**Student:** 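Sharing a structure with you now.
Owing to the predicted nature of the structure, the values given are computational and were not obtained by experimental measurement.
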Amino acid sequence: MASKKTVIVTGASQGIGAAVVQAFLDRGYNVLATSRSASKAGFTPSPHLALVDGDVGQAATAEKVAQTAIGKFGSINHVVNNAGIFAAKPFTDYTADEFRSFVSTNLEGFIFITQLALKQMLSQGTGASITTSLVENPIVGVPASIPMITKGGLDAITRSLAIEYAKNNIRFNAVAPGQVDTPLHKNNPKEFLKTLSPMGTVSDAKDIAEAVLYLTEARHVTGEVLHVDGGAHVGKW
């Protein structure tokens with residue numbers, strides 16, 4: 001059981017993000033939940049939960065998130081970079097504006113929050129962790145090359161930062177979900193989603209939240225990408 005450490009969760013209003021928020025609250029953490037509409041997400045009010053609305057791709061949102069977490073809870077111990085956007089289409093159909101949107105949310109959203117959190121973690125001088133949610137398995141029939149550029153960047157920076165801050169006892173890991181039953185897939189037939197996993201299953205948001213919790217509390221795990229995808233990353237099936 002955590003002794004009231006503080007975790008920031010981005011993309012927190014629904015799906016995986018909302019499940020991560022609840023998992024940390026149930027585990028005894030203080031949680032700062034942020035998304036464009038975190039205050040409308042229907043979370044049960046708690047003295048251990050703070051909500052910040054805003055676009056994670058804007059530096060001002062990151063400033064507000066960090067200041068609120070420190071002001072209300074006195075520390076930042078962990079960050080879960082869950083905010084992300086995704087759209088599948090042929091490579092030649094993506095527009096420049098769509099690319100910039102992916103970069104803003106998926107990459108700048110990671111950078112702004114993580115930089116501020118890291119500065120606080122270093123000043124606290126205690127162990128901490130950053131966990132990122134990413135997707136990395138190309139699937140025939142579901143082309144998504146441009147968003148995968150940004151997801152690949154998150155994979156790379158996770159490993160780089162794990163080495164850079166290992167001596168500070170700050171860990172960086174990633175969770176790579178497969179198909180998850182979230183609002184993102186509300187229009188996709190469940191039977192089709194099951195074909196995208198060797199196990200023929202679709203994960204629940206809680207499955208991903210449990211993986212995030214594990215990486216947050218695993219003191220000697222860093223630079224790791226934990227796949228929660230029913231074996232999809234292993235190969236062809």
**Student:** Within the distance-only criterion (no hydrogens, no angle test), does the side chain of Asn82 pair as donor or acceptor with the backbone N or O of Gly11 below 3.5 angstrom?
**Tutor:** yes
**Student:** Listed by chain and number, what are the ring-ring contact (aromatic ring centres under 6.0 Å, His included) partners of Phe110, not counting sequence neighbours?
**Tutor:** none
**Student:** Give, for atom CD1 of Ile85 and atom OG1 of Thr105, the distance between the pair rounded to the nearest 0.5 Å.
**Tutor:**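 Here the interatomic distance stands at 4.0 Å.
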**Student:** If a pair satisfies ring-ring contact (aromatic ring centres under 6.0 Å, His included) and one of its residues is in residues 59-78, list it, with sequence neighbours excluded.
**Tutor:**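 Found Tyr29-His78.
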**Student:** Quick check against the 3.5 Å criterion: does Tyr94 have a side-chain atom that pairs as donor or acceptor with the backbone of Ala87?
**Tutor:** yes
**Student:** Picking from Thr131, Thr114, Asn106, what satisfies side-chain hydrogen bond (donor to acceptor under 3.5 Å, both in side chains) with Asn81?
**Tutor:**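 Exactly one option meets the side-chain hydrogen bond (donor to acceptor under 3.5 Å, both in side chains) with Asn81, and it is Thr114.
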**Student:** Check whether any side-chain heavy atom of Leu154 sits under 4.5 Å from a side-chain heavy atom of Lys151, and report yes or no.
**Tutor:**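 The answer is yes, as the side chains (C-beta and beyond) meet within the 4.5 Å cut-off.
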**Student:** For residues Ile76 and Met121, report the shortest heavy-atom separation together with the two atoms involved.
**Tutor:**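 Closest pair (atom of Ile76, atom of Met121, distance): O-CG, 3.5 Å.
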**Student:** Check the pair Asp155 / Arg159 against salt bridge (Lys or Arg N to Asp or Glu O under 4.0 Å), numbers first and verdict last.
**Tutor:** CA-CA 7 Å; Asp155 190 349; Arg159 294 194 301 271; 2.7 Å; yes
**Student:** Hey, what do you get for CG (Leu134) to CD1 (Ile157), rounding to the nearest 0.5 Å?
**Tutor:**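 Rounded to the nearest 0.5 Å, the CG-CD1 separation comes out at 12.0 Å.
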**Student:** Looking at CG of Leu161 and CG of Asn173, how far apart are the two atoms once the value is rounded to the nearest 0.5 Å?
**Tutor:**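 Reported to 0.5 Å precision, the distance equals 11.5 Å.
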**Student:** I need the minimum non-hydrogen distance between Val56 and Phe112, along with the two atoms involved.
**Tutor:** O-CD1, 4.1 Å
**Student:** For residues 46-54, run the donor-acceptor check on the side chains, cut-off 3.5 Å, and write out each pair with its distance to 0.1 Å, sequence neighbours left out.
**Tutor:**
residue, atom, partner, partner atom, Å
Ser46, OG, His48, N, 3.0
His48, ND1, Asn30, OD1, 3.0
Asp53, OD1, Ala38, N, 2.9
Asp53, OD1, Ser39, N, 2.8
Asp53, OD1, Ser39, OG, 3.4
Asp53, OD2, Ser39, OG, 2.5

**Student:** Sequence neighbours excluded, which residues qualify as salt bridge (Lys or Arg N to Asp or Glu O under 4.0 Å) partners of Lys89?
**Tutor:**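 Residues passing salt bridge (Lys or Arg N to Asp or Glu O under 4.0 Å) with Lys89: Glu98.
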**Student:** Any side-chain heavy-atom pair from Ile130 and Tyr165 closer than 4.5 angstrom?
**Tutor:** no
**Student:** Ignoring hydrogens and geometry, is there a side-chain-to-backbone donor-acceptor pair from Thr10 to Ala83 under 3.5 Å?
**Tutor:**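 Yes, Thr10 side chain to Ala83 backbone: donor-acceptor pair under 3.5 Å.
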**Student:** What donor-acceptor contacts under 3.5 angstrom involve side-chain atoms of residues 196-209, with partners at least two apart or in another chain?
**Tutor:**
residue, atom, partner, partner atom, Å
Ser197, OG, Met199, N, 3.1
Ser197, OG, Gly200, N, 3.4
Asp207, OD2, Asp204, N, 2.8

**Student:** Check the hydrophobic clustering (I, L, V, M, F, W, Y; side-chain heavy atoms under 4.5 Å; chains of links allowed) and say if Leu215 and Ile163 are grouped together.
**Tutor:**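 No: no chain of side-chain contacts under 4.5 Å links Leu215 to Ile163.
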**Student:** Looking only at heavy atoms, what is the nearest atom pair of Phe91 and Ser145, with distance?
**Tutor:** CD1-OG, 3.2 Å
**Student:** Quick one: does Thr216's side chain have a donor or acceptor within less than 3.5 Å of a partner on Val212's backbone?
**Tutor:** yes
**Student:** Can you name the residues that form a salt bridge (Lys or Arg N to Asp or Glu O under 4.0 Å) with Asp55, not counting sequence neighbours?
**Tutor:**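 Arg36.
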**Student:** Verify the neighbour count for atom CG of Leu122: are there more than 12 heavy atoms of other residues, nucleotides or ligands below 6.0 Å?
**Tutor:** yes
**Student:** Might you point out which heavy atoms bring Val79 and Ala117 nearest each other, and give the distance in Å?
**Tutor:**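 Shortest heavy-atom contact: CG2-CB, 3.4 Å.
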**Student:** Measuring from atom CD of Glu191 to atom NZ of Lys194, what distance do you get when rounded to the nearest 0.5 angstrom?
**Tutor:**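 Here the interatomic distance stands at 4.5 Å.
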**Student:** Leu118 and Phe172: side-chain contact (heavy atoms from CB on, under 4.5 Å), yes or no, with the steps?
**Tutor:** CA-CA 11 Å; Leu118 261 175; Phe172 291 81; 3.9 Å; yes
**Student:** Heavy atoms only: give me the nearest Ala174-Thr158 pair and the separation to one decimal.
**Tutor:**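 What the structure gives for the nearest pair is N-CG2, 4.1 Å.
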**Student:** So which atom in Ser75 and which in Gln120 form the shortest heavy-atom distance, rounded to 0.1 Å?
**Tutor:**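 Result for this residue pair: CA-NE2, 4.3 Å.
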**Student:** Give a yes or no on whether Lys72 atom NZ has more than 12 heavy-atom contacts from other residues, nucleotides or ligands under 6.0 Å away.
**Tutor:** yes
**Student:** Which value, rounded to the nearest 0.5 Å, describes the distance between Phe102 atom CZ and Ser104 atom OG?
**Tutor:** 11.5 Å
**Student:** Under the 3.5 angstrom rule, does the side chain of Arg171 hit a backbone N or O of Val221 as a donor-acceptor pair?
**Tutor:**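 Side chain of Arg171 to backbone of Val221, a donor-acceptor pair under 3.5 Å: yes, one is there.
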**Student:** Are Ile70 and Leu116 linked, directly or through intermediate hydrophobic residues, by side-chain heavy-atom contacts shorter than 4.5 Å (ILVMFWY only)?
**Tutor:** no
**Student:** Would you say the side-chain atoms of Asp97 and Thr95 include a donor-acceptor pair closer than 3.5 Å?
**Tutor:**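 No, Thr95 and Asp97 have no side-chain donor paired with an acceptor closer than 3.5 Å.
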**Student:** Should Val103 and Thr150 count as side-chain neighbours, where that means a heavy-atom distance under 4.5 Å?
**Tutor:**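 Val103 vs Thr150: side chains touch.
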**Student:** Hey, what do you get for CD (Gln22) to OG1 (Thr44), rounding to the nearest 0.5 Å?
**Tutor:**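 The distance works out to 6.5 Å.
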